[in-house]
Structures are given as structure tokens and as C-alpha cells.
Amino acid sequence: MSEHERSPQSASPPAPALPPLPRDLVLLPLLNTVIYPLTVTPLAIGQEAAVRLVDEAIAEGRMVGMVALRGPQRPERLAPEDIFAVGTAAVVHRMVRLHDNTLRVAAEGVARFQVERLTAAGPAARALVRPLLDAPLDQAAHAEA
């Protein structure tokens, strides 16, 4: 069957191009939450530093590195032992600001990364990251999925 004879249902639309993963990412540490690539996750953001971080990311159209915290509380200053070494770069698509200045956002996971080292540990933590590639599913795993 030639390209022109294919029915519209059988032709899949091209996947949208994802922006490349930056080498340096601002980190948003998440308590009891993990963001996965290729998923959209609703988040409630209430800490003042996190609200500023998300506001700036949206205004500048940049990715945010979402990392899960290891402990039950948010530390004052983020240290490498406070976070898991693997996180997900995300793009914030929707944001609703509530009357108490908290945010409700929809974050789409784009790609997994490994934190190589923190470059800033204050309220606006930053890290040098390395992209992690997911291995393609073999035929049996793909059929099962």
C-alpha cells in the first residue's frame, strides 16, 4: 500500500517535538509525590519559594526539575541527601492562582534525569543533570502493556 492509499485512521499524527533537556535545571522538591515522564500530574503548591519558582518557569517557558524528597518534611536548605538522585523534568501547562496565593498546576513530565550535583541549595535549588534514556520495551512487554 502506498503512502497516498493509506486511510486517515491508519496514519498516526507526528509526535510533538519535545524541548531538549537543559544541563542546568531549577529543582522543585516534592513531598510524597513522584512525577513520571509522559504523564500530566496535578500539583498544589503553597510554599512561597515554590510559588515564585513556578511563576518564573511559566513566564520564561522553561522546564522545572521535579524531585521527590526523602524525608517526611521539607528542609530549610536542600542538600543532596534530602532528595532522590533521579527526577523528572516537567513543563507546567496550566496554573490557577487561588485567593491565598497558592497555586494549582498541571505539570507534564518530559524526561527522566539524574542529579549529578547541586549548584545552588537555597530556596531556588539548582542542579546539573544528566538525561536518562528509557530502554525500549521488548515485544512481550509491549504486548503486555
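Quick note: residue numbers are just sequence positions, from 1.
Residues L69 and V67 are members of one and the same hydrophobic cluster, defined by side-chain heavy-atom contacts under 4.5 angstrom among Ile, Leu, Val, Met, Phe, Trp and Tyr. Using a 4.5 Å cut-off between side-chain heavy atoms of Ile, Leu, Val, Met, Phe, Trp and Tyr, with links allowed through other members, L128 and V115 fall into different hydrophobic clusters.
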Distance-only donor-acceptor hits, side chain of residues 26-47, under 3.5 Å, sequence neighbours excluded:
unit_1	atom_1	unit_2	atom_2	d
T33	OG1	L31	O	3.3
T39	OG1	Y36	O	2.6
Q47	OE1	R74	NE	3.4

Name each donor-acceptor pair under 3.5 Å that joins a side chain in residues 55-64 to protein atoms two or more places apart or in another chain, with its distance.
unit_1	atom_1	unit_2	atom_2	d
D55	OD1	R97	NH2	2.6
D55	OD2	R97	NH2	3.0
E60	OE1	R62	NE	2.7

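Checked against salt bridge (charged side-chain N to carboxylate O under 4.0 Å, His left out), E48 has the following partners two or more places apart in sequence or in another chain: R52. Every residue meeting the side chain to side chain contact (heavy atoms under 4.5 Å, CB included) condition with A79, not counting sequence neighbours, appears here in chain and number order: E81, D82. Listed by chain and number, the residues in a salt bridge (charged side-chain N to carboxylate O under 4.0 Å, His left out) with R94 amount to none (sequence neighbours excluded). R126 pairs by the side chain to side chain donor-acceptor pair (under 3.5 Å) definition with D24, not counting sequence neighbours.
Listed by chain and number, the hydrophobic cluster partners of L98 are V96, where partners are ILVMFWY side chains within reach of under 4.5 Å, directly or through others. Cluster note: V86 groups with L132 through ILVMFWY side-chain heavy atoms spaced under 4.5 Å, whether in direct contact or through intervening members.
The heavy-atom pair separating G65 from L25 by the smallest distance is CA-CD1, 3.9 Å. Taking every heavy atom of both residues into account, L78 and A125 meet most closely at CD2-CB, 3.6 Å. Across all non-hydrogen atoms, the minimal contact from F84 to R70 is CE2-NH1, 3.5 Å. The two residues T119 and A127 come nearest to each other via the heavy atoms OG1-N, 3.7 Å.
Under the salt bridge (charged side-chain N to carboxylate O under 4.0 Å, His left out) criterion, the residue pairs touching residues 109-121 are R23-E116, R112-D134, E116-R130, with sequence neighbours excluded.
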